[in-house]
Amino acid sequence: MAEEKELRYEPAPIEEKWQQRWAADPKLYAADEAACDEPAAKPKYYVLEMLPYPSGQLHMGHVRNYSIGDALARHMWMRGYNVLHPMGWDAFGLPAENAALKNNTPPRQWTLANIAAMKRQMMRLGLGYDWATEVTTCLPEYYRWNQWFFLRMYEKGLVYRKKSKVNWCPECATVLANEQVVNGCCWRHEDTVVEQRALEQWFLRTTAYAQELLDGLDKLEGWPEKVRTMQRNWIGRSEGTEVDFIFERSAKEIREQKDGVTTLEGDRERVRIRVFTTRVDTIFGATSVQLAPEHPLVKALADTDSGLRMQVDQLMEEQKRARETGDVAAIEKHGVPTGHFAINPYNGERVPVWVANYVLMDYGTGAIMSVPGHDERDFEFAKKYAIPVRRVIAPADSSAEESPLPFTSEDGVLINSGEFSGLSCTEAQKRLQEVAERGAFGNATVTYRLKDWGVSRQRYWGTPIPMIHCERDGLVAVPDDQLPVMLPEQIEITQQGGSPLARVPEFVNVRCPRCGGPALRETDTMDTFVDSSWYFYRYTDAKNAAAPFDSAQARYWFPIDQYIGGVEHAILHLIYSRFWTKVMRDLGLIANDEPARRLFTQGMVIKDGAKMSKSRGNVVSPDDMVARYGADATRMYALFAAPPDRDLDWQEDGVAGVSRFLGRVYRLVARHAPAARASRGETAQKPEGLSLKLERKLHQTVAKITLDFEGRWHFNTCVAAIMELVNEMQAADAELASGAVAAPILHELLRTLVLLLAPFAPYLAAELWEMLGEEGAVLRAPWPASDPELAKEDELEVPVQINGKLVAVVRVAADADGRQIELAARSDEKVVARVAGKNVAKVIVVPGKLVNLVVK
RNA sequence: GCGGAAGUGGUGAAAUGGCAAACACACUAGCCUUAGGAGCUAGCGCCCACAAGGCUUGCGGGUUCAAGUCCCGCCUUCCGCACCA
């Protein structure tokens, strides 16, 4: 039959046709500028997917991420919202420099070519982005605002410089990112051990917002609990006490020996060792003080004690090696006695001062009091070195008197603690803090694990830090009117040491903006997380040449209504962006406290039970899928195969199945479109019979999908629901062909089916929309409403159980009351047979659900 | 070690405490012919030759008229954090 051939579904020509039409209509996915003035009539909706790194190839994780976001955006367009749905490129970063080394292609050229390739892939997938707002972070139009923000933070005291450790590969003679350190060695030179070098680095004072970042999490109800917990742990607030132990030697003595200036705190007569503890209630059990190997006092002592020096170097070496292999908790505790003593300010007890490899300089004060009786780690250490273990807390329930040490619970009572004996742990903590404050040897304090953000990178392909080093004036900020500090384009990337920028004299040698004398430009560039910390604000006003964005635009669009991306960004990107938002708010640029109201983290795409990776050889290319099955089938499969928050197992047979389904939809609509078209304008009569049956299914499907878009997001079951609807319509195909359903109803059935399909399979929906003779974009057609009257069944099947076991199913009217349902159940012959001769003790009737007879 | 998530057919999965396995994939049988990566029909958790019937949501308890779902204890897998004082 000739017409059969015409009905064959071939995605390629359809998708090509619509891709061209959409490309010719740049306003299609643009936000409605006029809507800003009438927020009540047309509310805004900002849906955002995390921007990709332009590697040159989309992977399936991207396809999944963008299919979710695009379905949501399309749905919201159809719901009549003013939608902002942008896309951009996280375009700075190391791979561009590596590619430059490998292929001798300049990073900019390599990056822009990758962007072009990926943009093509996105367009081929039919993703509805407003390309007029595209943001590319490696272009000066964007990164100049990174510099501008850096200067604003510098003015507010949120930027500072300090010496800090970096990973250094002696072979590459350059700095490595943490991810480039593999088992303590360089990723490119697997036999070369990475060193820790101390360099002057730039820092952003994220800790200034630690408390607000923590408190804000409670209000982020639209964020996954998992992400909020991860951030809480990362910020790591802990309340405790700082206490000064008095070192037995004076600063003067140490200074004399050292023949120089010490950096010790409290440069008075006595040297104080400040320790941080969360368990000041155990302080009468402190039997030693432990210092981190990098502690300034250790340095001072080691300067005059070469034996100590050697041993401390050894400890640092151990810490370093452990940090490199990532197995910090597993290293054996190891320490060195300094031979000196310190005095516990509460009881005057003289305890030895040690240096230990398990004490960290960058947490708390870099010194601890060691209480082996009530701390696991101190206990392990004390056992090894025969340091006394003393019990100072008795368990609250006295029967457990013999509880073994270390006893770490706070549910206890102080003993052997002088005047504080008898107090509970919590009471004692309060009292001891008061005493310390009165005696000026300590105070209650809060410590965070969160550290300031080191943003310096000794790299080429990043935002130049806008600072100048002048011999006369010291550090001088680049004035705003000299921004952007341009990244030089003609540059040779080599494997030589240090930042490539340092070898470009035209870049480095400048005049001091203050005194006009010769000066050197900073050659560090910024961490790429800076770029992604505020890019979503730029989308609201991407072309602005006078400011990062217009505040009114940002106020209109923010916060982001729905942010979608992978969990792997749960901490770094999402903390940095929250930090940046708070800084921008304090600069008066925006009104929101948080960047995104709701966050969704989608699951990974896996294949054969493992994450897709080149080394496993289980990578599926999106291009391949699109070429074989079309963009619609590829995207729809990504939504159908699993709920969006779970991992998705990629099975090509499944994509083929979705493609076959789309073919059935295509043929179904194509077969009946002529009849349906003919009815346009006619009003439908009240449906009955087959018409009612199909209408009912249709309205149930609309209700289900609408509800899911409102929050549950089980798009896999949405697709399944559409399949059920199509199956039911197809089963009635012959009757439809013979006119059993009136044309206006047939028209509504097909038209609504296409609307339901539009968020998931936009190409096919557009094609069928046109086939049905509809005008304009499906995207602008209103989302269908479900009529509850039509969706309602008039008869229900009610299962009947006896003692919880299914025995029969009876049909009753949908509005039957409990009595009627029970009657129907009890007159069923199977039920009668089972109940005969027994006593019905209880009858549970849940109208519309089931009947359960409790029989004895 | 701490924190979190998940364990359901051959596979991906579904199920406001109320008929477990919807919807697909794979498979089996049949039909069709333009022999296609096509279409259509039927079957498809396990046991029992069929039927009748029985069993079944990682394991063990509990709550309930009723548990995949709630509670307690275990096991396994995955993810995050990990000497944070």
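Below, chains carry the letters A, B, ... as their sequence lines are ordered, and counting in each starts from 1.
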Enquirer: Can you see whether K226(A) engages T601(A) through a side-chain donor-acceptor pair at a distance of less than 3.5 angstrom?
Expert: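 No.
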Enquirer: Is S659(A) close enough to rG37(B) that one of its side-chain N or O atoms is under 4.0 Å from OP1 or OP2 there?
Expert: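 S659(A) to rG37(B) OP1/OP2: no side-chain N or O under 4.0 Å.
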Enquirer: Without decimals, in angstroms, what is the distance between F600(A) CZ and rA5(B) C1'?
Expert: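 Taking CZ of F600(A) and C1' of rA5(B), I get 14 Å after rounding.
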Enquirer: Hey, are R712(A) and E710(A) close enough for a salt bridge, meaning a charged N less than 4.0 Å from a carboxylate O?
Expert: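 The answer is no: the pair does not qualify as a salt bridge.
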Enquirer: Are any of Q730(A)'s side-chain N or O atoms less than 4.0 Å away from OP1 or OP2 of rC40(B)?
Expert: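 Affirmative; the distance criterion is met.
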Enquirer: Look at N716(A) and rA14(B) and indicate whether a side-chain polar atom (N or O) is within less than 4.0 Å of OP1 or OP2.
Expert: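 The answer is yes; a side-chain N or O of N716(A) sits under 4.0 Å from OP1 or OP2.
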Enquirer: Which whole number of Å gives the distance between the P atom of rC55(B) and that of rA5(B)?
Expert: 33 Å
Enquirer: Between rC19(B) and K849(A), counting only base atoms on the nucleotide and side-chain atoms on the residue, is there a donor-acceptor pair under 3.5 Å?
Expert: no
Enquirer: By the 4.0 Å heavy-atom rule, please label G236(A) as base, sugar-phosphate, or nothing.
Expert: nothing
Enquirer: What is the distance from CD1 of I571(A) to C1' of rC81(B), rounded to the nearest Å?
Expert: 8 Å
Enquirer: Classify the nucleic acid contact of R660(A) as base, sugar-phosphate or nothing, counting any heavy atom under 4.0 Å across all strands shown.
Expert: sugar-phosphate
Enquirer: Is the side chain of Q820(A) donor-acceptor paired with the backbone N or O of D817(A) at a distance under 3.5 Å, no angle test?
Expert: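 Answer holds: yes.
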Enquirer: Could you give the distance separating rG18(B) and rC71(B) at their P atoms, to the nearest angstrom?
Expert: 15 Å
Enquirer: Within 45° of the ring axis of F381(A) and under 6.0 Å from its six-membered ring centre, is that where the NZ or CZ of K333(A) lies?
Expert: no
Enquirer: Test Y9(A) against every option in F661(A), Y666(A), Y629(A) by the ring-ring contact (aromatic ring centres under 6.0 Å, His included) rule and name the one that passes.
Expert: Y666(A)
Enquirer: Can you tell me how far P in rA67(B) sits from the matching atom in rG61(B), rounded to whole Å?
Expert: 14 Å
Enquirer: Roughly how many Å apart are rG62(B) and rA24(B), using the C1' atom of each and rounding to a whole number?
Expert: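 rA24(B) and rG62(B) have their C1' atoms separated by 37 Å.
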Enquirer: Write down the distance between CD1 (I705(A)) and P (rC23(B)), rounded to a whole number of angstrom.
Expert: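 After rounding, the reported distance stands at 15 Å.
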Enquirer: Give the stems involving RNA chain B, where a stem is 3 or more consecutive Watson-Crick or G-U wobble pairs (i with j, i+1 with j-1, and so on) under 3.5 Å.
Expert: B:1-7 with B:75-81, B:10-12 with B:23-25, B:27-31 with B:39-43, B:45-47 with B:53-55, B:58-62 with B:70-74
Enquirer: Return the value, rounded to whole Å, for the distance between atom CD of E376(A) and atom P of rC2(B).
Expert: 11 Å
Enquirer: Can you identify which nucleotide, out of rG12(B), rA13(B), rA85(B), has its nearest atom closest to the P643(A) side chain?
Expert: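 From the listed options, rA13(B) comes nearest.
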Enquirer: In whole angstrom, give me the gap between the P atoms of rU16(B) and rC2(B).
Expert: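 Nearest-Å result for rU16(B) against rC2(B) at atom P: 33 Å.
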Enquirer: Any base atoms under 4.0 Å from V371(A), or only sugar-phosphate, or nothing? Heavy atoms, all strands.
Expert: nothing
Enquirer: Determine the Euclidean distance between corresponding C1' atoms of rU11(B) and rA26(B); express it in Å to zero decimal places.
Expert: 7 Å
Enquirer: Whole-Å distance between rC81(B) P and K451(A) NZ?
Expert: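 These atoms are roughly 13 Å apart.
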Enquirer: Determine the contact category for K607(A): base if any of its heavy atoms lies under 4.0 Å from a base atom, sugar-phosphate if only primed atoms, P, OP1 or OP2 are that close, otherwise nothing.
Expert: nothing
Enquirer: Starting at atom OH of Y448(A), determine the distance to atom P of rA85(B), rounded to an integer number of angstrom.
Expert: 14 Å
Enquirer: With P as the reference atom in both, quote the distance from rA6(B) to rA13(B) in angstrom, rounded to an integer.
Expert: 13 Å
Enquirer: Nearest to the side chain of E652(A) - rG18(B), rA85(B), rG37(B)?
Expert: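 Closest of the options to the side chain of E652(A): rG37(B).
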Enquirer: Has the side chain of N852(A) got a donor or acceptor atom sitting under 3.5 Å from an opposite partner on the base of rC65(B)?
Expert: yes
Enquirer: Quick one: do the Q651(A) and D649(A) side chains pair a donor with an acceptor below 3.5 Å?
Expert: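 Q651(A) vs D649(A): donor-acceptor pair found between side chains.
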Enquirer: Under a 4.0 Å threshold between the charged nitrogen and the carboxylate oxygen, would E225(A) count as salt-bridged to R232(A)?
Expert: yes
Enquirer: Can we say K384(A) and E380(A) salt-bridge, meaning some charged N sits less than 4.0 Å from an Asp/Glu carboxylate O?
Expert: no
Enquirer: Taking the P atom in each of rC44(B) and rU33(B), what is the distance between them to the nearest angstrom?
Expert: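 Looking at atom P only, rC44(B) and rU33(B) are 28 Å apart.
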Enquirer: Would you call R279(A)-D378(A) a salt bridge at under 4.0 Å N-O?
Expert: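 Looking at R279(A) and D378(A), the cut-off is not met.
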